[in-house]
Q: 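Sharing a structure here in structure tokens format.
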Amino acid sequence: MGKKRLIFLLAITMVLVVVLSACSSKEGSDKASSASDTGETTISLWVLNDQAAYLKPILESFQKDNPTIHVEATYYGTDPLKESLKVAASSKTLPTMWFTWGGSLGAFYPENGLTMDLTETAASHKWSDIYNSAALDMVKYDNKTSGIPFHVASLGMFYPKELYAKLNLNPPTSFAEFEQQMGKIKESGITPLAVGGKGGWDVMRLTEQLLEHFAGPELHDKLNALEASWADPAVEKSFEKLKEWSDKNYFEKGFITLDPLEAETPLYQKERAYALTGPWIDTNISGAGNAPDSFGVFKFPNDQPKVRMSSFTEMFQISGSADGKEQEAAVKLGEYITGPDIVNKYIDQYGAPALKEFTFSKQSPHTSEMAGMIGDGSFLISDQALPQAVVQKLFEAQDAVVLGEWTPAQAGQEIQKAVETYKSGN
Amino acid sequence: MKIKYWKPWTFVLPALVAYLIVIVAPSLYTLRLSFFSWNGIAADKKFVGIKNYTYLLTEDAVFRVALRNNILWMAGSLTVIIGLGLMFALLLNRRLKGRSVFRSIFYFPYVLSGIIVALMWTWLYHPTKGFFNVILQQIGLSQLTHPWLADPKTALAAVFVAAVWQGVGLPMVLFLAGLQSIPRDCYEAAIIDGAKPRQSFRYITIPLLSETFVVVFATTLVNAMKVYDIIYGMTAGGPAQSTQVLSSWMYYQTFKFNNIGVGSAISWVLVLITMIIIIPYVYYTNKKSHL
Amino acid sequence: MEETRNSTFSKVVNYILLIVLAIIFLIPILFIIMTALKSNADLVKNPVYAFPEIVKWGNFSEAWDKMSIYIRNSLFISVVKVPIGILIEALAAYALTRMNFKWANALFAFFLIGMMIPFQATLVPLNMMLNHFGLENTYPGIFMVYIGFGVPFGIMVLRGFLRSIPKELDESAFIDGCGELGKFFRIILPIAMPAIATLIILDFLSTWNEFLLAQIFITKNSMLPVTAGLLTFQGQHSNDYTLLSAGVLISIVPILVVYLFFQRYFVAGMAGAVKG
């Protein structure tokens, strides 16, 4: 009886597998045969899931225009993408092209010779006429252009206008006023700040603005350049403030392990008062059924004479070990996605492009609004400005301070220790 | 009846080759890597002697946390999981209607992957919408609601509760098999001799289960050393690295921070500890099977 | 009289305890089912334990769109890996027990050492090796790794069973003129069927549930097995618990089916296997 059953199940699974793999092999062989006929190229692309809304139609139209190029796109969450790229780098299985952030986050791949050198492409395709110069500078490592600029984003405080009207508030002009507002919002029974601690980077957006507030731009830049000690009273004060806000429950309960996307979701429903984020939030807001222009944005009031926003580049890197035809197709795709025609067409959802010029959209009010705000200058976001080993320590320090494991002073000292280890290692 | 001396080797060969290629050679190479400083990609590795090990022991605070967590996990598994497993087995070791249904329910979580268990329980522990906090609030104990996974003081325990839910079925089944191999006459004889149930448990059940205990201890300890999926899936080692274990910290050092040397050293620490646990067990079973 | 009343009483207590424990054990699963059947708005508005306002089956079809490929991959990996693995383990176990093999005990001990080596200790070199032979992101590469890791346990279980088969059988087979391979396939393998059935189930289970190796050695999304695939799925929908729960349930179903069909083997198998 038992044996019969086992044989029965084995037979069934065999049939299932044969059927299933027959389906897949048909796809496979179709592809293979047409590849040999027409010289088709397949390129793999890794991108973020929240880019899917506009990348999916863009990829479709790209393949329509280029029938010989087949794009296999995989969509990841933020931290899974970072991790998958690292793992793939170690086994040299990187996709043909991938999305990554600039600064020290994206540096790993060119530094280890994993990316295609795009310097000549940039020159012959006259990238300097297409992309803005700040973006082009930020995709350069070791004087080599290593990526196709995609976004230049900066971060501002987003708030639902209705809620502000209801509580009789106006965008704060000073740090003190901002704190006052948070207190008031908390009293009205609403958790003020939408922030998720998982992965560290969402909390970091607050930490770095607190640093800007307490240390001032000069010291902040020196800290990021590892030229000043992190065991500084200003750092201590910043962490102290972070802890204070957390203790006052200005963040959601248990936020420290909350996924940033999950933490931000209530804001789309106007159930939070603030999130420190970028213009791509418009896509999420409209995805949740609300109008993006029912949200306003202001610069984090850090009380400096020039209120700098944190900003960063995003880019596509292309695998250095892919064969020439694939690289060529990937460059084509990268330039297509980031080029003016596509950007202008999809600007409603696109976020802030890295182009020199583009048409602003009424649907996505914040892209243009924030482009206008950056006039006072910006600083490079911490997780791209600092070496990754130090970034990890910064994230750990944020968690530890919020959870009361470390004192704010200890946090600064621990980060400084990581800085010194990093320096001695080089 | 003569078998050529090389004949057995041909039978063993496929398994032996797979074993050598996949387990033996790579783990020895990892031992070698643990004496180097390397990022996994660059062409040159720098020999650093035992520096990776001294770094772990003297400087890396997270390594100490991870080691401590593994030990706590072992202690918890030995007491809670084995204790509950034995209790469940005793409850089921009777002629009861629906016994196999109960057994299936308790054993089922064991067949799930750690990732599935992790995702399920992360949702149960959700700070505001999760089952536990909502129920606590409903029954008027809202002062007891807690961000279970977000507080370093409760995070490891919270993950462990999920692991208990998943893992209790294994010792239960093993004990149940052991219990059923104890002849009824033993108990009957004990009753005739006037033994109380507690006494017959202490003097008959426990000693006759000793072999099962050895098996259960060994598997539980080794599983506790290897714990990874459920931690990775629930907390990824956080908050503030408070739930890192050796396996997850090895993963982060190797694949996230690209410290192949340090990661390799951690995995060899793991190998050594596992050996200390399992060698007496292998010795014991070997001795038994030679009798 | 006294004794029966006592035992009825203890039986009732026993039942109550078992029922309470069973309910506690089922809560997580029920909770996931309830979540998977709700719409997001429903989840936000009503308490989590409330029944869905309207049952939303759409979560399942949406999750299935993304999860089906991972399930197919896992099925493929398991169905190929398990028989090959068991065949080579059985061959080795046969040599270790029935071929007057001088090195049998030493070799067995050598295989057992493998049980102590955690996957972590092999990841980086295996990664380099697969890469060197162009086997990264291929199923043959994954099969090799999985088969290698299955060897120690498989040999331990099968050796234990084969030892218990009386030697006289071999001799009669020899008289009948079977070669070693014939003896293995025609006599020993059929007798060992119960042990092999057990091993098939256990091996299927551990292959299906494996996560760490898949996480490292398969970086191509369309090839991921269900464990790693589920995590990708989670990364994409970290703010959508209804969809996530549906994904979790979908990935539970195959294992539940196998479990319900072959429970006996699971339970007997686990108990038998470790006794060796």
Side-chain angles (χ1 to χ4, degrees), chain B residues 1 3 7-8 11-12 14-15 18-19 21-23 26-27 29-30 33 40 91 94 96 102-108 111-116 119-121 123-124 129 131 134-135 165 170 173-174 177 215 219 225-226 228-229 233 247 250 254 260 264 267-268 270-271 274-275 278 282 285, chain C residues 14 17-18 22 25-26 28 31-32 35 47-49 88-89 91-92 94-95 99-101 107 111-112 114-118 120-126 144-145 147-149 151 155 174 180 205 209 211-212 227 230-231 234 241 244-245 248 251-252 255 259 263 266-267 270-271 274-276:
Chain B
M1 223 22 243
I3 299 173
K7 199 99 191 241
F11 276 65
V12 175
Y19 177 61
I21 290 182
V22 175
I23 302 184
S27 49
Y29 194 73
T30 299
L33 285 177
L91 286 175
R94 302 179 146 213
L96 291 169
F102 285 119
R103 194 185 57 186
S104 310
I105 292 174
F106 298 141
Y107 187 67
F108 177 65
V111 306
L112 298 177
S113 75
I115 292 297
I116 288 179
L119 293 189
M120 286 174 69
W121 282 76
W123 175 219
L124 290 170
K129 288 179 282 179
F131 176 81
V134 170
I135 291 294
W165 179 78
L170 179 66
V173 162
L174 296 177
V215 172
T219 46
M225 279 316 294
K226 289 182 177 173
Y228 173 74
D229 299 9
S247 296
M250 178 273 166
T254 307
I260 305 290
S264 300
S267 53
W268 263 85
L270 202 57
V271 172
T274 318
M275 281 194 176
I278 215 170
V282 172
T285 41
Chain C
N14 207 340
L17 265 174
L18 281 173
F25 261 67
L26 286 175
F31 185 62
I32 297 289
T35 312
V48 278
Y49 52 81
I88 71 166
E89 287 151 20
L91 279 169
Y94 178 81
M99 287 178 87
N100 291 327
F101 188 18
L107 212 52
F111 277 124
L112 275 190
M115 309 240 317
M116 303 175 215
I117 310 284
Q120 278 81 0
T122 62
L123 287 181
V124 174
L126 275 178
M144 187 187 82
V145 173
I147 288 172
F149 275 109
V151 160
I155 288 185
F174 218 71
E180 285 295 333
L205 195 66
N209 287 340
F211 168 63
L212 177 62
T227 44
L230 187 61
L231 221 57
Q234 190 236 2
Y241 282 99
L244 263 182
S245 301
V248 167
S251 53
I252 288 181
I255 215 89
Y259 178 64
Q263 246 191 82
F266 276 88
V267 171
M270 221 40 237
V274 274
K275 275 193 180 162

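This is a predicted model, so every value here is computed, not measured.
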Q: Considering only heavy atoms, which portion of C:F149 lies under 4.5 Å from any heavy atom of chain B: side chain, backbone, both, or neither?
A: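 Both parts, backbone and side chain.
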
Q: I'd like to know which of B:I115, B:I278, B:V134 tops the heavy-atom pair count under 4.5 Å against chain C.
A: B:I115

Q: Between B:M250 and chain C, with a heavy-atom cut-off of 4.5 Å, which part of the residue counts as in contact: side chain, backbone, both or neither?
A: side chain

Q: Would you call B:M120 and C:I252 a side-chain contact if the rule is heavy atoms closer than 4.5 Å?
A: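 Of all side-chain heavy-atom pairs linking C:I252 with B:M120, at least one is under 4.5 Å.
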
Q: Do B:T254 and C:L123 touch side chain to side chain, with heavy atoms closer than 4.5 Å?
A: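 B:T254 does not reach C:L123 side chain to side chain.
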
Q: Does some side-chain heavy atom of B:V271 sit less than 4.5 Å from a side-chain heavy atom of C:I117?
A: yes

Q: Determine the option with the most heavy-atom pairs under 4.5 angstrom with chain B, choosing from C:L126, C:T227, C:V248.
A: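 Sorted descending by pairs with chain B, the first entry is C:L126.
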
Q: Which bit of B:I260 comes within less than 4.5 Å of chain C, counting heavy atoms only: side chain, backbone, both or neither?
A: side chain

Q: Find the one option among B:P14, B:A18, B:S104 whose heavy-atom pairs under 4.5 Å with chain C are most numerous.
A: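 Winner by heavy-atom pair count: B:S104.
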
Q: Need one label for B:L119: side chain, backbone, both or neither, based on atoms under 4.5 Å from any heavy atom in chain C.
A: side chain

Q: Counting only heavy atoms closer than 4.5 Å, note whether B:I105 contacts chain C via side chain, backbone, both or neither.
A: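 The answer is both parts of B:I105.
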
Q: Compare every heavy atom of B:K129 with every heavy atom of C:F31, then report the nearest pair and how far apart it is.
A: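 Looks like CZ-O, 4.4 Å.
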
Q: Going by heavy atoms in the side chains, are B:W123 and C:S245 under 4.5 Å from each other?
A: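 B:W123 reaches C:S245 side chain to side chain.
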
Q: Identify the heavy atoms of B:P8 and C:A95 that sit nearest to each other, and give their distance.
A: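 So the minimum-distance heavy-atom pair works out to O-CB, 3.6 Å.
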
Q: What's the separation between atom CD in C:Q120 and atom CE in B:M225, rounded to the nearest 0.5 Å?
A: 10.0 Å

Q: Nearest 0.5 Å please: distance from the CG atom of B:L124 over to the CD1 atom of C:I32.
A: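 Answer rounded to 0.5 Å: 5.5 Å.
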
Q: Please report the closest heavy-atom contact between B:I116 and C:L230, naming both atoms and the distance.
A: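 Nearest heavy atoms, B:I116 then C:L230: CG1-CD2, 3.7 Å.
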
Q: With rounding to the nearest 0.5 Å, note down the distance linking CZ in B:F11 to CD in C:E180.
A: 5.5 Å

Q: With a 4.5 angstrom heavy-atom cut-off, could you sort out which part of B:F102 is near chain C: side chain, backbone, both or neither?
A: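 Only the side chain of B:F102 comes within 4.5 Å of chain C.
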
Q: Under a 4.5 Å heavy-atom cutoff, which of C:L231, C:L26, C:L17, C:I88 has the most pairs with chain B?
A: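 If we count pairs closer than 4.5 Å to chain B, C:I88 comes out on top.
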
Q: At a 4.5 Å cut-off on heavy atoms, which part of C:Y94 comes close to chain B: side chain, backbone, both, or neither?
A: side chain

Q: Would you call the rings of C:F111 and B:Y19 parallel, tilted or perpendicular, where under 30° means parallel and over 60° means perpendicular?
A: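 Rings of C:F111 and B:Y19: tilted, 30 to 60°.
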
Q: As an exercise: rank B:F108, B:W268, B:Y29 by heavy-atom pairs under 4.5 Å with chain C and give me the winner.
A: B:F108

Q: I'd like to verify something: which residue of C:N14, C:T35, C:V145, C:L212 has the highest number of heavy-atom pairs under 4.5 Å with chain B?
A: C:N14

